[in-house]
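Just so we're on the same page: letters track the sequence lines, and every chain starts at 1. Please read all numbers here as calculations on a predicted model, not as lab measurements.
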Amino acid sequence: MAKSGLFSPTRKTGQGVRHMAGKEMQMTGAEIVLQALKDNGVKHMFGYPGGAVLPIYDELHQQDDIEHILVRHEQGAGHMAEGYARSTGKPGVVLVTSGPGATNVVTALQDALMDSIPLVCITGQVPTSLIGSDAFQECDTVGITRPCTKHNWLVKDVNQLARIIHEAFRIATTGRPGPVVVDVPKDVQFATGTYTPPSPVIAQKSYQPKVAGDLEKVRAAIELMAGAKRPIIYSGGGVINSGREASQLLRELVELTGFPITSTLMGLGAYPASGKNWMGMLGMHGTYEANMAMHDCDVMLCIGARFDDRITGRLDAFSPNSKKIHIDIDPSSINKNVHVDIGILGDIGHVLEDMVRLWRASKKTDRTKLEPWWAQIDRWRGRKSLAYTPNRDVIMPQYAIERLCALTRDRDTYITTEVGQHQMWAAQFFGFEEPNRWMTSGGLGTMGYGFPAAIGVQVAHRDSLVIDIAGDASIQMCIQEMSCAVQYNLPVKIFILNNQYMGMVRQWQQLLHGNRLSHSYTESMPDFVKLAEAYGGVGMSCDKPGDLDAAIMEMIDTPRPVIFDCRVASLANCFPMIPSGKAHNEMLLPDEATDEAVANAIDAEGRALV
Amino acid sequence: MNAQHQPTGSAYFMAAETARPETHTLSVLVDNEPGVLARVIGLFSGRGYNIDSLTVSETEHEAHLSRITIVTTATPNVLEQIKSQLERIVPVHRVVDLTVRSNELGHDKPLERELALVKVTGSGENRVEALRLADAFRAQVIDANTEHFIFEITGRVSKIEQFISIMRPLGLVEICRTGIAAMNRGAQGM
Ligand SMILES: Cc1cc2nc3c(=O)[nH]c(=O)nc-3n(C[C@H](O)[C@H](O)[C@H](O)COP(=O)(O)OP(=O)(O)OC[C@H]3O[C@@H](n4cnc5c(N)ncnc54)[C@H](O)[C@@H]3O)c2cc1C
Ligand SMILES: Cc1ncc(C[n+]2csc(CCOP(=O)(O)OP(=O)(O)O)c2C)c(N)n1
Ligand SMILES: [Mg+2]
């Protein structure tokens with residue numbers, strides 16, 4: 001196709017060349033980037049300009065199909081894209097410049113890798129002829145990002161650019177999702193080459209993830225499940241990754257089998273918190289019933305979770321008497337930390353479909369057989385492991401989350417978090433009813449994730465209520481994105497559980513380091529209300545339990561970005577807790593957690609393991 | 001390349017490793033594209049696996065395929081992880097544990113050969129002895145003058161190591177080894 005029309009005014013409305021999806025044609029590298037993004041269904045991207053991506057920014061300026069959100073720090077762009085991806089099931093797209101632009105996005109890439117979030121990150125690079133010469137703002141982007149991406153490419157030939165971007169989307173979104181980086185030197189952005197539309201034929205042959213599970217293994221799993229007296233379903237983030245259908249099937253399976261279900265931090269919402277078989281989250285800060293049931297079960301069905309160390313505790317004491325079934329799309333997740341009896345390789349949606357169908361056809365749950373198990377679970381539930389002492393004068397952090405949950409119940413709500421005690425309380429006390437409503441940094445535990453993630457969610461769901469449940473320390477890590485939220489009219493709510501401490505760090509120091517609170521007090525705290533106002537947002541604060549409901553309602557009804565400084569009890573700790581080096585049935589519970597019990601909880605050996 | 005053996009269990013609740021490490025030879029078929037070797041090596045160093053030996057070369061030019069042969073020592077669980085982790089690398093087509101495969105085929109171990117160039121200098125008795133031993137080991141002289149020989153020797157690792165240790169007192173000055181090339185016996189391909 002001739003380049004006529006390239007400079008015609010019609011291009012601004014997207015009517016010109018790039019409209020012709022599905023055809024081969026000549027374009028510049030920068031045009032190819034935009035065309036490839038559009039052909040892969042991209043509507044929004046998050047980025048920050050610089051010398052090495054200016055040709056792409058120039059193209060962005062001349063089209064309307066893709067909305068670009070200008071961030072204030074590239075890490076923010078990465079987390080926004082993560083929030084966008086997790087709440088929509090679509091890949092998040094990031095555009096940053098070479099050198100510092102690329103290095104700033106590394107934290108978000110690793111975060112996405114650990115939590116299996118699909119991201120496509122396009123980085124500018126110095127011109128090919130200068131690569132290796134320590135040119136201005138040069139860095140070895142593919143080298144730096146190799147271990148924190150699922151795959152990455154340096155594009156040296158403009159004619160390969162389109163194919164690589166299409167492949168980038170395929171790899172980011174299929175199999176176990178993850179982040180990918182496409183590094184595009186500036187001369188490649190300027191060069192003219194052939195655009196090839198997305199096509200399944202040209203895909204890299206060595207990457208063909210398997211989605212259908214082995215039916216024989218599914219049958220064997222069903223046999224095991226049908227014979228169980230003390231079964232448990234342990235589900236995780238893989239169910240969310242697999243899509244809405246997978247959550248639906250999980251609910252059906254629970255209904256059909258009558259099995260109790262727990263979930264990891266990453267899987268919350270796949271099964272509704274109001275469901276009768278729900279036992280709450282498991283793991284280090286999970287409920288007593290979930291952890292005890294994991295320990296004592298005879299058959300464990302792990303669905304899209306990865307036996308993380310926050311779950312297993314001491315490996316040699318992890319669910320010692322159970323047969324284990326594990327469904328996962330990544331062969332390296334199966335038998336990694338814990339040996340399983342049946343490993344089913346495949347996509348959760350596909351495998352659960354078979355499992356539900358086969359169970360329906362062949363099995364009837366003998367509910368009476370499960371009665372003693374449920375009776376035991378009810379006894380464990382009776383311990384009320386999430387109990388806390390209410391307070392009339394000081395807002396308890398748990399209470400704040402409970403109120404936030406109650407007052408947003410019938411709204412279209414999405415929750416993100418930062419990292420710390422507030423994150424755990426959010427997981428414990430905010431009941432999630434649907435998948436994709438809960439965005440948190442689980443694997444990397446990145447403070448600073450929650451606020452940009454919330455902005456990303458809000459970009460995808462303009463009319464929804466999006467709340468970042470934050471800590472006073474974490475929020476200061478990406479606070480600059482207030483400016484972004486204000487610029488794009490994104491009415492995100494930052495709900496800070498302000499305890500004046502890095503509470504999670506302080507809790508560990510109390511448990512492990514003789515209560516020596518080394519550098520965990522948040523000194524010189526900013527005035528969050530004034531800070532919000534300085535950015536052009538709305539600042540609020542509340543320190544009385546009696547005022548909390550009204551204040552939360554005011555926050556919800558404010559159609560602008562809000563920072564809500566919720567002053568909570570400063571020394572509250574997060575229980576239950578399985579101390580390091582301990583087994584599931586040795587957890588610390590709130591009422592048992594007297595000073596003495598806490599002090600003796602972790603012996604010297606456990607301390608070394610932390 | 002010389003990362004010490006570490007179990008891959010959790011970094012936090014790590015139990016002492018009780019299983020015994022084994023040495024296995026892996027064949028990895030990869031697309032011959034930039035960075036593929038860095039991905040494989042980065043995986044080993046990043047996850048704390050051992051590389052005892054590594055060789056790589058393009059084997060099918062038309063199909064742009066290279067074959068990487070890695071000898072690694074790890075416990076059986078970790079060996080499984082290494083294979084799965086290698087398979088996760090996008091340009092990796094196939095990973096075959098030649099050691100396991102050879103056992104399945106009823107053999108002791110896969111065929112393994114290495115090539116070494118060994119430079120020895122000296123005069124008089126030592127020089128004569130070096131040449132005589134080289135002959136016994138079927139090493140070829142590929143370069144020589146009155147002060148030195150360069151021997152080319154091919155064979156099992158043990159043979160090469162033996163040859164090198166014998167040459168050491170006879171004036172050995174330089175060694176270059178290729179690392180191991182390996183495949184299984186019999187008519188079947190990888
Ligand atoms: C301060 C702090 C405390 C924490 N405490 C806890 C705690 O108490 N409890 C807890 O649960 N977590 C806790 N976490 C989180 C924890 O670190 C892990 O991130 C989390 O447990 C991992 O969740 P997951 O096992 O569901 O795996 P994910 O990281 O979500 O991995 C998903 C798994 O599913 C697989 N998968 C992906 N897509 C598919 C598909 N389509 N089909 C099949 N399989 C698929 C993947 O291969 C992977 O194995 C904490 C984190 C922090 C920061
Ligand atoms: C980027 C980063 N640095 C350090 C840590 C270690 N860390 C985990 S929780 C925490 C304290 C968080 O404090 P705050 O945000 O106030 O939350 P709180 O625990 O008080 O609710 C720290 C420092 C981390 N997770 N991320
Ligand atoms: Mg705090």
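- Taking CZ of B/Arg88 as the reference point, atom OH of A/Tyr207 lies at 10.5 Å (rounded to 0.5 Å).
- Annotation for A/Met114: atom CE counts as buried by contact number, over 12 foreign heavy atoms lying within 6.0 Å.
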Worksheet entry | Verdict with supporting geometry, A/Asn152 and B/Arg39, side-chain contact (heavy atoms from CB on, under 4.5 Å) | CA-CA 10 Å; A/Asn152 62 12; B/Arg39 289 181 206 283; 2.9 Å; yes
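- At a 4.5 Å heavy-atom cutoff, B/Glu80 makes no contact with chain A through either its backbone or its side chain.
- Heavy-atom distances place the backbone of B/Val92, and not its side chain, under 4.5 Å from chain A.
- To the nearest 0.5 Å, atoms CG (A/Asp330) and CD (B/Gln85) are separated by 7.0 Å.
- Within a 6.0 Å radius of NZ in B/Lys159, other residues, nucleotides and ligands contribute more than 12 heavy atoms.
- The shortest heavy-atom contact between A/His151 and B/Pro91 is CE1-CD, 3.4 Å.
- For CD of B/Glu125, the number of neighbouring non-hydrogen atoms (other residues, nucleotides, ligands) closer than 6.0 Å is 12 at most.
- Within a 6.0 Å radius of CG in B/Asp108, no more than 12 heavy atoms belonging to other residues, nucleotides or ligands are found.
- Here the CG-CZ distance, from B/Leu43 to A/Arg146, works out to 12.0 Å after rounding to the nearest 0.5 Å.
- A/Ser332 places no side-chain N or O within 3.5 Å of a backbone atom of B/Gln81 that could act as its donor or acceptor partner.
- Interface remark: A/Pro331 contributes backbone and side-chain atoms alike to the contact with chain B (heavy atom separation under 4.5 Å).
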